[in-house]
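Before any comments, here is the structure.
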Amino acid sequence: MRFFLKTTILMGRGSLENVKRIISEGERVLIFSSRSMDRLGFLSEVADYVEEAGGVYETIIGLPPEPSVENVEEVLPKVEEFSPETFIALGGGSVIDVAKAVKVFYDAPGLDFDSVAIFSRFKKAQPLPKLKTRLIAIPSTSGAGSEVSAASVIKKGDTKYTIVSPELCPDYAILDPRLPEKMPREVARNSGLDVLVHAIEAYVSKASTPFSDALAVKAARIIFERLEDSVNGDAKAREEVHYAATMAGIAFLNGRLGLVHAMSHKSAWIGPHGLVNAIFLPYVMEFNMERAREKYDAMARELGLSSADELLEKVKELNEKLGVPKLSEIVKEEEFLGKVEDMSRKTYEDPLVSFNPVEPSVEDIKNLYLRALHD
């Protein structure tokens with residue numbers, strides 16, 4: 001067993017100011033920012049700190065919520081022209097994922113996306129070389145865990161691919177609770193539910209350790225106790241959920257994820273990632289619990305619950321409280337049925353399935369998709 005964390009975590013209200021302590025005189029800094037961080041003034045705050053430190057900066061503003069390989073390719077020429085030594089990713093998980101992917105092809109321009117991005121557990125990806133550009137991740141949403149993870153998730157077509165390497169772990173993560181305070185209610189809900197899925201999948205994973213388990217349990221407890229308040233705009237709850245997202249990120253950095261994420265990555269066209277994860281979670285839990293109940297029982301006890309069944313009911317109850325829709329309410333049945341065979345086969349090949357406590361068949365996965373649709 002092994003527990004790994006490369007990222008230095010700086011947290012607390014006003015912790016954004018740490019940027020000026022990290023950046024050196026004359027350092028060339030490229031800031032990737034979401035439009036919301038620009039609109040709310042946090043981009044200019046970060047830029048001011050870079051200038052105070054004597055750094056030189058350029059910005060790339062506005063990246064889509066589900067970034068594609070084309071988005072990465074579009075920004076590379078500007079990055080190469082500026083020649084930065086450090087990237088700052090200011091925004092949600094998608095902004096951080098793009099910065100990581102750009103770092104790969106900026107630092108190692110000879111690499112090809114299809115050779116380094118993992119799609120199938122039956123095909124080995126080309127390992128990344130040593131990457132030199134520093135990365136500072138400043139999350140504005142509370143869910144993805146990308147600020148500490150070794151993965152960059154990028155879409156190609158309707159499917160999400162993953163580039164995984166310790167080289168992609170940010171050097172610093174700055175968790176300033178002022179940033180997620182302005183999250184829209186729906187984003188707070190979806191990203192917070194993603195934290196719960198990260199925590200549960202990391203805990204029951206075949207790769208879990210006592211250390212990743214401890215962080216997973218703490219993150220799950222915060223979500224069960226505080227997510228509803230966070231969604232309703234409580235600032236203290238927002239802060240707690242923001243930290244829980246990073247705890248769950250460290251848990252899955254080490255414990256990995258499972259079938260829920262494999263299914264949502266192969267059905268990325270349906271809707272926001274955290275929402276799709278929340279919809280699939282109860283069905284995957286039921287499936288896994290039939291043959292691998294022990295770890296769910298253990299997590300339930302850690303959370304003060306009596307059994308895996310009570311944990312499952314608590315997950316369903318939280319979804320209901322927060323207004324998570326049924327799958328049938330957000331997809332057209334005909335379109336879904338037309339894609340389900342392809343999604344099931346691709347899910348079966350997803351590398352994360354290797355860490356799921358139960359090895360599913362393609363038919364098992366198809367049945368899970370159909371159960372979610374017809375429930």
Side-chain angles (χ1 to χ4, degrees), residues 2 4 66-73 76 93-94 96-131 144-146 149-169 197-198 201-202 204-208 252-270 273 276-277 280 284 287-288 338-369:
R2 174 175 178 263
F4 166 78
E66 303 284 346
S68 68
V69 64
E70 289 81 13
N71 300 133
V72 173
E73 289 167 350
L76 265 170
S94 57
I96 301 170
D97 280 357
V98 167
K100 288 178 175 180
V102 170
K103 172 174 164 160
V104 171
F105 301 107
Y106 168 62
D107 283 354
L111 291 181
D112 172 63
F113 179 81
D114 289 328
S115 66
V116 296
I118 300 173
F119 175 78
S120 170
R121 57 187 167 137
F122 306 115
K123 173 181 173 284
K124 199 169 174 63
Q126 181 181 340
L128 297 186
K130 185 81 176 162
L131 304 178
S146 192
S149 84
S152 170
V153 182
I154 301 291
K155 268 174 71 172
K156 186 177 181 184
D158 277 343
T159 303
K160 290 189 174 183
Y161 287 67
T162 311
I163 307 173
V164 181
S165 169
E167 291 296 316
L168 293 184
C169 293
V197 180
H198 290 157
E201 290 215 289
V204 304
S205 161
K206 289 176 182 175
S208 68
F252 81 73
L253 165 68
N254 289 277
R256 313 306 272 278
L257 298 167
L259 184 53
V260 178
H261 273 78
M263 288 176 68
S264 68
H265 284 169
K266 305 316 176 199
S267 56
W269 58 276
I270 292 173
H273 172 70
V276 177
N277 271 343
F280 289 146
V284 172
F287 170 77
N288 286 340
K339 293 182 175 183
V340 73
E341 295 282 354
D342 186 54
M343 291 191 307
S344 302
R345 182 180 52 77
K346 286 178 176 175
T347 297
Y348 175 74
E349 294 184 12
D350 190 288
L352 294 176
V353 171
S354 301
F355 303 102
N356 197 63
V358 175
E359 171 71 25
S361 66
V362 176
E363 194 62 23
D364 288 331
I365 294 164
K366 181 182 173 183
N367 288 337
L368 284 168
Y369 276 127

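Every heavy atom of this structure was used, including side-chain atoms; hydrogens, water molecules and symmetry mates were not.
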*Not counting sequence neighbours, list each pair that qualifies as a salt bridge (charged side-chain N to carboxylate O under 4.0 Å, His left out) and has a residue in residues 261-270.*
K266-D350
*asked:* For E341, give me all partners under side chain to side chain contact (heavy atoms under 4.5 Å, CB included), at least two apart in sequence or on another chain.
replied: K366
*Please name all residues satisfying side chain to side chain donor-acceptor pair (under 3.5 Å) with E73, sequence neighbours left out, ordered by chain then number.*
none
_side-chain hydrogen bond (donor to acceptor under 3.5 Å, both in side chains) partner of K100, the single match among S152, S165, S146_ = S146
*Rounded to the nearest 0.5 Å, how far apart are CG of L128 and CD1 of I163?*
7.0 Å
*asked:* Which residues pass the side chain to side chain donor-acceptor pair (under 3.5 Å) test with N277, not counting sequence neighbours?
replied: D194, H261, S264, H273
*Any idea which heavy atoms bring V116 and Q126 closest together, and the distance?*
CG1-O, 3.7 Å
*asked:* Looking at E201 and L259, would you say the former's side chain and the latter's main chain have a donor-acceptor pair under 3.5 Å?
replied: yes
_For E359 against V353, the heavy-atom pair lying closest together_ = OE1-CG1, 4.2 Å
*Mind checking whether L111 and P129 have side chains closer than 4.5 Å, heavy atoms only?*
yes
_Qualifying residues under side chain to side chain contact (heavy atoms under 4.5 Å, CB included), relative to K156, sequence neighbours excluded_ = V69, F113, D114, Y161
*Can a donor-acceptor pair be found between the side chains of S267 and K339 at a distance below 3.5 Å?*
no
*Which residues satisfy the side chain to side chain contact (heavy atoms under 4.5 Å, CB included) test with D107, sequence neighbours excluded?*
K103, L131, K132, T133
*asked:* Quick check: closest heavy atoms across F105 and V72, and the distance to 0.1 Å?
replied: CD1-CG1, 4.1 Å
*Taking all heavy atoms of S344 and all of I365, pick out the closest pair and write down the distance.*
CA-CG2, 3.8 Å
*Judged by modelled atom types alone, do E70 and S68 share a side-chain donor-acceptor pair under 3.5 Å?*
yes
*Ignoring hydrogens and angles, tell me if any N or O in the side chain of S205 forms a donor-acceptor pair with the backbone of A207 under 3.5 Å.*
yes
*Taking atom types as modelled and ignoring hydrogens, do the side chains of D97 and S94 form a donor-acceptor contact shorter than 3.5 angstrom?*
no
*Can you name the nearest heavy-atom pair linking P166 to F4, along with the distance?*
CB-CZ, 4.0 Å
*Nearest 0.5 Å please: distance from the OG1 atom of T347 over to the CG atom of D342.*
9.0 Å
_Note, F280 side chain near L368 side chain (heavy atom, < 4.5 Å)_ = no
_Atom of L257, atom of F252 and distance for their closest heavy-atom approach_ = CD2-CB, 3.5 Å
